[in-house]
Each structure stands twice: as structure tokens, then as C-alpha cells.
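Quick notes on the structure that follows.
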Amino acid sequence: MTAYFQKCQDKLGFVPNVLVAYAFDTVKLEAFVAMYNDLMLGPSGLTKLEREMIAVAVSSQNRCYYCLTAHGAAVRQYAGNPLLGEQMVMNYRAARLPKRQRAMLDFAVKLTAEPWSVEDVDREALRRAGFSDRDIWDIAAITGFFNMSNRVASATDMRPNEQYHGQAR
């Protein structure tokens, strides 16, 4: 993980505090990084921007300060649009999103707020918006990952690196 931390330092200019928080337990850190990298950077029918949008919509629902700050910066960067990043953090419904992205985020938020109420009709709405069953799996997995991450960040008072606040503005 030392090499991974150095890669973060070289690429970002800092090591994200979420990694520092997990560093007390190498096994958990490696599992967290592997899952994050697979979900957010691995092959998918979802763009990197769409994956970050899910992270922000879920984190907004959960009011996770760390993830809203870090992933809001990623939305600004991937979109090349600071306004979209701010809208996503505050209320994704305020953004003028394509129907595909709106359906994706509505599903992620419903899965976050009322997972017991997700039914076939919700998955069918995603299919009508152009998502494959694999894409739906990815949306659900990213949603689940950020629900877990939000809870750990909130429970441990994890604070975002100050650098995130000024990125892509």
C-alpha cells in the first residue's frame, strides 16, 4: 500500500484521508481500495462521471460531508462543469440531467432511502432509460459501496482533505 499511497501523492498531490483512516488495518485498506477501484475505475457501461454522480447523490441523501466534498470535486472535474458539481451536492434534481442519468440517480437514492421498496418496476425504468442488467448491477453495487462508506465516514468523523474544496472550480 506504500506504493499506492505514493501514486496518490504523485497524481493528486495528497493522500486522501479516507485511505489514511483505513491504514490502521492493511487487510481492510486493501479490500476497500480493491472494491473502490473496481467499481469506480473498472470496466462498466457507466461512465466515470455517472459513477461519481451516484456517489454524490447517495452521499447527499446520507449527508456525508467527506464523500460530498471529495466526490463533488470529482463530478466537477469529470463534467468540466462546476455548477453541475454544486447542484449534485445540494440536490441532483435541480440539475438539468438527461433522462438516463436522472433515472439512474432516482434509483440510487430510492435504494439508499427505502431499499425494501425497490421492485421490478424500478429496474424496468432503468432498462427503458438504456441500462443493461449489468449496468443495473453496477448502479446497485456503487450505491451499496457508498452507503457503507458514508456510514463509516460519519461514524469516525472522517474529514475531507482541504484540497478537494478548491478542485475544478
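Here the structure is a predicted model, which means the values were calculated and not measured.
A donor-acceptor contact shorter than 3.5 Å is absent between the side chain of E52 and the backbone of L49. No side-chain donor-acceptor contact under 3.5 Å links R134 to the backbone of S44. Although no hydrogens or angles enter the test, the distance criterion places no donor-acceptor pair under 3.5 Å between the side chain of S60 and the main chain of V56. Although no hydrogens or angles enter the test, the distance criterion places a donor-acceptor pair under 3.5 Å between the side chain of R151 and the main chain of N147.
Taking CD of Q77 as the reference point, atom OH of Y164 lies at 10.5 Å (rounded to 0.5 Å). For the atom pair CG (N81) and CE (M88), the distance works out to 11.5 Å, reported to the nearest 0.5 Å. Once rounded to the nearest 0.5 Å, the distance linking CE of M53 with CZ of R51 reads 13.5 Å. Note that CG of L111 is 11.5 Å distant from CD1 of I142, once rounded to the nearest 0.5 Å. E162 CD to T69 OG1: the interatomic distance, rounded to the nearest 0.5 Å, is 11.0 Å.
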Item to complete: Determine, step by step, whether F146 and H71 satisfy the ring pair (Phe, Tyr, Trp, His ring centres under 6.0 Å) criterion, reporting the C-alpha distance in whole Å, the side-chain angles of both residues, the deciding distance to 0.1 Å, and the verdict.
Response: CA-CA 11 Å; F146 279 94; H71 296 282; 4.8 Å; yes
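The pair K110-D106 does not count as a salt bridge, with every side-chain nitrogen at least 4.0 angstrom from each carboxylate oxygen. With salt bridges taken as basic N to acidic carboxylate O contacts below 4.0 Å, one links D133 and R127. Ionic pairing of K7 and D10 is not present here: no N-O contact between side-chain nitrogen and carboxylate oxygen is shorter than 4.0 angstrom. Between R169 and E86, at least one side-chain N (NZ, or NE/NH1/NH2) sits under 4.0 Å from a carboxylate O, which counts as a salt bridge.
Shown here for N150 and C67, the closest heavy-atom pair between the two residues is ND2-SG, 3.4 Å. Heavy-atom minimum distance, S117 versus D122: O-OD2, 3.6 Å. Here the closest non-hydrogen pair linking M104 and I139 is CG-CD1, 3.8 Å. Between G72 and V89, the shortest heavy-atom distance links the atoms CA-CG2, 4.0 Å.
Judged as a ring pair (Phe, Tyr, Trp, His ring centres under 6.0 Å), and not counting sequence neighbours, Y92 has no contacts.
By the neighbour-count criterion of 12 heavy atoms within 6.0 Å, atom CE of M1 is densely surrounded, having more than that number from other residues, nucleotides or ligands.
Side-chain contact check for S132 and D135: at least one donor-acceptor pair (N or O, by modelled atom type) lies under 3.5 Å. For Q87 and N91, the side-chain atoms include no donor-acceptor pair closer than 3.5 Å.
If you chain together hydrophobic residues whose side chains sit under 4.5 Å apart, I54 and V118 fall into the same group.
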Result block: side-chain N/O donor-acceptor pairs under 3.5 angstrom for residues 13-29, not counting sequence neighbours:
unit_1	atom_1	unit_2	atom_2	d
N17	OD1	N161	ND2	3.2
N17	ND2	R159	O	2.8
D25	OD1	V27	N	3.2
D25	OD1	K28	N	3.3
D25	OD2	K28	NZ	2.9

